[in-house]
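Following: one structure in structure tokens, then a few remarks.
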Amino acid sequence: MGVGRLIAEHSDQLILDDLQVHPAVEAGGSLGLLPAYVEREHDGRLRELIAAAREGQSGIAVLVGESSTGKTRSCWEAVKALPRDWRLWHPIEPDHAKALITQLDDVKPHTVVWLDEIRRYLLDNREHSAEVAARLRALLADSTRSPVLVLATMWPQDWDVLHTMPGLDAGPDLHANARQLVKGKGIEVRPAFTADELATAHELAAGDPRLGESLARAEQGQITQYLAGAPALLERYQHAPAAAKALLHVAMDARRLGHVRDLPLPLLEAAVPGYLTDRQWDALPENWLRTAVDYLTDQAACRGARSPLYRPRPRGRRSTNEQPGYQLADYLEQHGHTTRRGFVPRSEFWDAVALHANGDDLIALAESAENRCRTRIAFELYRRAAEAGSIAAWRPMIQIRREQEDHTAVEALTREAADAGSPGALLRVAAEMVKNDLEAAEQLAWRAYDAGDPEALLLVAHQHLEAGEHEKGSALLHTVAQKVISQGVDNPFDVRDLSVLLESAGERELAATVALTLAPRDHASAVDDLVKHREDAGNPDAAEELAWRAADIGATGALWGLVRQRDLRDHDAAMALAQRVRGEDRPPWPQVRELEARGDQHAAETLAVRSAAVDSAIHYSWWLSVVLATEKQSDEGESPAPQEDVFWFEEYFIKPSALDRLISLFEQRDPAAATALALSAAIDNVSQSDADPLNGISPVLSQAVTGLVHLMASRERAGEHEAAEQLAWQLVEAGHGYALEPLVLLREEENPTARHTLMEKARRGTLPAAWEWLADQHDDAGELDTADDLALRAAYQGHPSAARELADRRSKAGDNHRAERLWRQLAELGATDAWEELAKLHTKARNWAEAESCARKAIDRGSSYAILALHDVWEGMGHPDADRLLFGLDAEGRASARW
């Protein structure tokens, strides 16, 4: 039968309790539990997914929007259109991630996997999040179980966390699988109704007074928020007695800083004194806690909507020793994220979480403290987590001591971590021992391997091979290789050397298999390394054969790397390979044109999107530079390296001003590639968009944009000017404002006013990405104030990149007044690093008080690197504690003593 229950069996009450749709405010009368539903713009995207599921196609959608915007209700309205034999499964017990992992194999075809607040599955549970994502990807790819449908919701800030790549020193990428799972699957749910949606709501309000009340009282079209009781929640919060408000502030801060489990009442109680003045604390009655909790859990006072604090109904059997916990209404949680963003709690809060938080919560809270330069607090929280059995806590503790240059403490912690089973520490200790005590090192390496890190085993295997012990070394390599092939690894970089080691041990086919297995996970670096190794070892045929095998699975980089490698020794051989590669790699534009001629516009656009990669455009640029240099040698009798062309290529990626020269140069050789090159660099820093303006085409990411620009250029040259411009504006609507630039360049030769015409259209329009492009045009023309205004206009609509670029230009040009205006506006919009930039500006001007204030704001909002800016300020002021900043700040923001 499978997991879940039939969709038809879900009552309105079950939808509220089990699917976690927000209860609506009460309006009297005999109304249903759910208010009338107003169909909105994003529902169309969901309908397409449902239609595909009805046809037998598995799929996933993640509705991304702020709290109480109707995400969960939209998912429910969508699944109601599925046939009656479909089931719906919401994995919750014993916790969200474990429930999904333990029962996912029981999911049968025609099942909806309901993942409301998918952060609970992909972000909150560090131990299982990678496995959850991998298992969900496998489910969606499993044709024997299709169709299945995964519906999820997520807040925008969690979406940003999921899509933020970790730094080079941040350890394994815990979200790599999750990022691939949701890539291109986000559907934006806007916070406010459009004019058309409001009109529909007015029509439905005749039968549902709750909808009529929300239309009359909701501000700025935020209908769903009003229905979910948001105004009542805010009123309850704002007028709360001192103790109740303090409890809410503790809850807001705990959630904001990383506590994901239900909040234990002892934690809330212990932290409250840090949120009250001495006078307020002394005036509290003996029963203050009970009174405050009663006030915050009174659902009737919120007209039936969720109360500010609530205890979730337990599911299944709970331990009798388990402390009851409270959850914060998610609208208030998001309100706290916004209004308390720059607040760092006092020491009472940190003492309370150290005593009462557990597991992953301790690590997340420690990371928040560390990001705010409360280093000692962070270290102590990591220590508590390690004492509770968390292996992950050891790495940041060691890193903190390493940054303090306390080598004795680093060594002691490393040994302690190794004894506790930390893979990173085991690797470090094994690496130190591998030369002098190989047997002991191997024992540690096996412990690390069993804990999930195979890198130490590779070190030992390499040492065995170096010592001539090939049988022992090969056996270890085989063990790791079989694990990689059958199970994969969390961090492919850890086993990047495996293929080359296998090749050195004579295991050539196994080496190739491992490299090709890793290719989709680590951007083919293992393949690149093995191809280079074979070429350097004098096996060019084997190198090329592997590179072509990699290209067959989409990893073309090894082929182009081989071209560059051969060009260092044999230019003719390199060019011959480049010709073959280019022949295979060229997008099928004749087929695109043929599809257009047959009137199949959708198929033409789809083929264009899927056929041209940004990588291909970059490879064209290198290839063309070599070709042009070769032609110069033959035409002019010269034999220089292609320095001028290489210079132009490098300058093109660094300086937008070189774009025109490159366009005209490449246009002579390959017009389509030239246009793609122009755009691929121009949009390089544009954030990826999940908008889908092209009616079913894959979401417009960098790869798709390049293909679409090829198509736009093809239409423009064919005289289809209206179709070309329509496609350009569709790209702009998807967030790629600089798509207008290649269209301008194509038109300017015959129409000198083309740029002005498109600038006027951008100015009159409502697309923020177009305003960004327009700002750049005015900046090039020296109209700085106009450029800044347009960039800020775009930033206020969620497109800050032009404002950042202009602020940086103003700073470098010494235009501090304009730079400060831009950075300050960006800071007010939530850009934490903008406060750091403001601190640097004021430091240069020796405006110490303002510089310190800005640096502290950056730190308190989570920018740990801003401690360097604060150090510069204090050093400039002659502050006696400047050097103590190496040890961070205490809870109140003072420089910590050495510890």
- Message: Working to the nearest 0.5 angstrom, can you tell me the gap between Lys183 NZ and Leu162 CG?
- Response: 12.5 Å
- Message: Does this structure show an ion pair linking Asp85 with Lys108, if we count only N-O contacts that are shorter than 4.0 Å?
- Response: no
- Message: What verdict does the side-chain contact (heavy atoms from CB on, under 4.5 Å) test give for Trp288 and Val272, after you've listed the backbone C-alpha separation in whole Å, the side-chain angles of each residue and the deciding distance to 0.1 Å?
- Response: CA-CA 11 Å; Trp288 70 268; Val272 161; 3.9 Å; yes
- Item | Side chain Arg87, main chain Gly4, donor-acceptor under 3.5 Å | yes
- Message: Between Ser68 and Gln225 (side chain of the first, backbone of the second, donor and acceptor by atom type, cut-off under 3.5 Å), is there such a pair?
- Response: no
- Task: Would you check, one step at a time, whether the test side-chain contact (heavy atoms from CB on, under 4.5 Å) holds for Leu267 with Val353?
- Result: CA-CA 6 Å; Leu267 186 157; Val353 297; 3.9 Å; yes
- Message: Looking at Ala251, is its backbone amide N or carbonyl O close enough to the side chain of Arg255 to form a donor-acceptor pair, meaning the two atoms are under 3.5 Å apart?
- Response: no
- Query: Do side-chain atoms of Thr102 reach the backbone of Lys98 as a donor and acceptor pair under 3.5 angstrom?
  - Reply: yes
- Query: CG/Asp253 to CH2/Trp350 distance, rounded to the nearest 0.5 angstrom?
  - Reply: 8.5 Å
- Task: Mark yes when over 12 heavy atoms from residues, nucleotides or ligands other than Gln238 sit less than 6.0 Å from its CD; otherwise mark no.
- Result: yes
- Message: Donor-acceptor check, side chain of Glu213 to backbone of Arg210, threshold 3.5 angstrom: yes or no?
- Response: no
- Query: So, do Leu104 and Pro91 sit near enough that their side-chain heavy atoms are less than 4.5 Å apart?
  - Reply: no
- Task: Take Glu188 and Arg190 through the test side-chain contact (heavy atoms from CB on, under 4.5 Å) and record every step on the way to the result.
- Result: CA-CA 6 Å; Glu188 180 187 8; Arg190 296 179 180 174; 3.8 Å; yes
- Message: Is there a side chain to side chain donor-acceptor pair (under 3.5 Å) between Glu370 and Tyr382? Walk through the geometry before answering.
- Response: CA-CA 10 Å; Glu370 186 177 4; Tyr382 286 131; 2.8 Å; yes
- Task: To the nearest 0.5 Å, tell me how far Leu328 CG sits from Leu332 CG.
- Result: 5.5 Å
- Query: Any chance the rings of Tyr237 and His335 have centres within less than 6.0 Å?
  - Reply: yes
- If the plane angle is over 60° it's perpendicular, under 30° parallel, otherwise tilted; pick one for Trp76 and His10. tilted
- Are Tyr121 and Leu136 close enough that some pair of their side-chain heavy atoms sits under 4.5 Å apart? no
- Note on the structure: Of all heavy-atom pairs linking Ala357 and His259, the shortest is CB-CD2, 4.0 Å
- Query: Is the number of heavy atoms from other residues, nucleotides or ligands under 6.0 Å of Glu286 CD greater than 12?
  - Reply: no
- Hey, are Arg236 and Asp298 close enough for a salt bridge, meaning a charged N less than 4.0 Å from a carboxylate O? yes
- Is the number of heavy atoms from other residues, nucleotides or ligands within 6.0 Å of CZ (Arg383) greater than 12? yes
- Task: Please determine if Arg119 and Asp124 form a salt bridge, counting it only when a charged side-chain N lies under 4.0 Å from a carboxylate O.
- Result: yes
- Quick one: pull up CG in Asp330 and NE2 in His337 and give me the separation to the nearest 0.5 Å. 10.5 Å
- Message: Between Ser307 and Leu309 (side chain of the first, backbone of the second, donor and acceptor by atom type, cut-off under 3.5 Å), is there such a pair?
- Response: yes
- Query: Which atoms form the tightest heavy-atom contact between Ala201 and Leu211, and what is the distance?
  - Reply: O-CD2, 3.6 Å
- Minimum side-chain heavy-atom gap Trp86-Leu6 below 4.5 Å: no
- Item | Ionic contact status for Asp43 with Arg40, cut-off 4.0 Å | no
- Query: How far apart are the C-alpha atoms of Leu247 and Val293, what are their side-chain angles, what is the distance that settles it, and do they pass the side-chain contact (heavy atoms from CB on, under 4.5 Å) test?
  - Reply: CA-CA 8 Å; Leu247 273 177; Val293 170; 4.2 Å; yes
- Message: Is the shortest side-chain heavy-atom distance between Val250 and Tyr275 below 4.5 Å?
- Response: yes
- Message: Check whether Asp208 reaches the backbone of Ala36 with its side chain - one donor and one acceptor, N or O, closer than 3.5 Å.
- Response: yes
- Could you tell me the separation between the CD1 atom of Ile50 and the CG atom of Leu82, rounded to the nearest 0.5 Å? 4.0 Å
- Message: Strictly distance-based, threshold 3.5 Å: is any side-chain N or O of Glu197 a donor or acceptor partner for the main-chain N or O of Glu41?
- Response: yes
- Query: Are the side chains of Glu131 and Arg135 in touch, meaning some heavy atoms are under 4.5 Å apart?
  - Reply: yes
- Query: With a 4.5 Å heavy-atom cut-off, do Pro83 and Arg54 have their side chains touching?
  - Reply: yes
- In terms of heavy-atom contacts, Ala891 and Ser347 come closest through CB-N, 3.6 Å
- Message: In the structure I gave you, are the side-chain heavy atoms of His249 and Arg340 within less than 4.5 Å of one another anywhere?
- Response: yes
- Side-chain (Glu66) to main-chain (Pro191) donor-acceptor, under 3.5 angstrom: no
- Once you round to the nearest 0.5 Å, how far does CG of Leu265 lie from NE2 of His356? 9.5 Å
- Query: How far apart are the closest heavy atoms of Lys71 and Gly65, and which atoms are they?
  - Reply: NZ-O, 3.3 Å
- With a 4.0 Å cut-off, would you call Glu77 and Lys80 a salt bridge? yes
- Evaluate the side-chain proximity of Leu151 to Val113: yes if any heavy-atom separation is below 4.5 Å, no if none is. no
- Item | Heavy atoms from other residues, nucleotides or ligands near CZ of Arg290 exceed 12 (cutoff 6.0 Å) | yes
- Closest heavy-atom pair, Ile187 versus Arg45, reported as atoms and distance to 0.1 Å, is CD1-CB, 3.6 Å
- Gln57 atom CD, neighbour heavy-atom count above 12 within 6.0 Å: no
- Has the side chain of Ser74 got a donor or acceptor atom that lies under 3.5 Å from a matching backbone atom of Gly70? yes
- Note on the structure: Heavy-atom closest pair (Gly325 atom, Pro312 atom, distance to 0.1 Å) is O-CD, 3.8 Å
- Query: Quick one: does NZ or CZ of Arg376 land under 6.0 Å from the six-membered ring centre of Phe379, within 45 degrees of the ring axis?
  - Reply: no
